[in-house]
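Comments concern the structure below.
In what follows, chains carry the letters A, B, and so on, assigned in the order in which the sequence lines appear, proteins first and then strands, with residues in each chain numbered from 1.
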Amino acid sequence: MILATWNVNSLKVRLPQVINWLQEYQPDVLCLQEIKLQDENFPLKEIEATGYQSIFVGQKTYNGVAILSKTQGCDIVTAIPCFEDVQKRVIAGTYGDVRVICVYVPNGDNIESEKYAYKLRWLPALNEWLQDELTKYPKMAVLGDFNIAPDDRDVYDPSVWEGKVLCSQPERDALDKLLALGLVDSFRLFEQPEKTYTWWDYRMMAFRRNRGMRIDHVLLSNELAKICKSSQVDKETRKLERPSDHAPAWVELSD
DNA sequence: ATGGTAGAGGATCTA
């Protein structure tokens, strides 16, 4: 079973790349973030034509998440329960006996901003929900753009980013609390190439200089971590013409 | 310190 995540930064623009990616990798599940479109504009037919099902929750201009899958998902949830939020940032479905939760964690802008405060309110709400989900679904995967680099290995220049948004201690503590629920960062289950990142700013030729950060993650419950065969980042997709600023990340689980 | 790019939507806001 292959589970993947990709912040596409506009599904409208990236649709041809998404369809190509589905055909090349044949993932069982692909979680998308920043689809940036309203539900009535979701390219349902185009995705269906590739043999994939879709669930999605979108809004105008910003945010929006979706899960594309080979089989129909059930028990779909499109918001964090008991958390007031006009921004569409989570969607979950169950595929076979695997619970898949797709998240787009707020970016936070900078640590002085109201957006950062929102991020630090949002993460405990996610935590509470995931804790509840884990009791129901021992086989659980949380995939998405977390907008948090877990540690200095995940940052091209840690001294520049020390204490800044995406790297600050409160954010890293919030991520650690998610892991403390009984989740593992699948990427670190394996030996990995140094300087592997999932996001590179469009500006300053950041990709060409590999000035990136690993902020997109596949977290696995212990039951899924046990059967995880690999966890990788598809850097090639970031090299395409008109790319998203994020690369897909994916895991392979044994059946 | 600033600005560099991309996307949405039609001036800025977000990242």
Taking the nucleotide of DNA chain B with the closest heavy atom to each, which residue, A:M204 or A:D145, is nearer the 5' end? A:M204

Which comes earlier along DNA chain B counting from the 5' end, the contact point of A:L11 or that of A:P106, where each point is its nearest nucleotide?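 On the 5' side of the pair lies A:L11.
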
Got a donor-acceptor contact below 3.5 angstrom from the A:R214 side chain to the A:P150 backbone?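 Such a contact is absent between A:R214 side chain and A:P150 backbone.
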
Interatomic distance at [atom1], [N] relative to [M], whole Å:
{"N": "B:dA6", "M": "B:dT2", "atom1": "P", "answer": "23 Å"}
{"N": "B:dC13", "M": "B:dG9", "atom1": "P", "answer": "16 Å"}
{"N": "B:dT12", "M": "B:dA1", "atom1": "C1'", "answer": "22 Å"}

Report the C-alpha distance between A:R209 and A:D201 in whole Å, list the side-chain angles of each, state the deciding distance to 0.1 Å, and finish with yes or no for salt bridge (Lys or Arg N to Asp or Glu O under 4.0 Å). CA-CA 11 Å; A:R209 301 154 78 188; A:D201 200 299; over 6 Å; no

DNA chain B: 5'-most and 3'-most nucleotides touching chain A, 4.0 angstrom heavy-atom criterion: B:dG3 to B:dA15

Is a donor from one side chain sitting under 3.5 angstrom from an acceptor on the other, for A:D85 and A:W122?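 There is such a pair between these side chains.
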
Identify the two heavy atoms, one from A:N107 and one from A:K119, that lie closest to each other, and give their separation to 0.1 Å. O-NZ, 2.9 Å

Electrostatic pair A:R89-A:E34, nearest N-O below 4.0 angstrom: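 Judged by the 4.0 Å cut-off on N to carboxylate O distance, A:R89 and A:E34 do not form a salt bridge.
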
Pick base, sugar-phosphate or nothing for A:F207, based on heavy-atom distances below 4.0 Å to the nucleic acid. nothing

Evaluate the ring planes of A:Y197 and A:W200, with Trp represented by its six-membered ring, and classify them as parallel (under 30°), tilted (30 to 60°) or perpendicular (over 60°). perpendicular

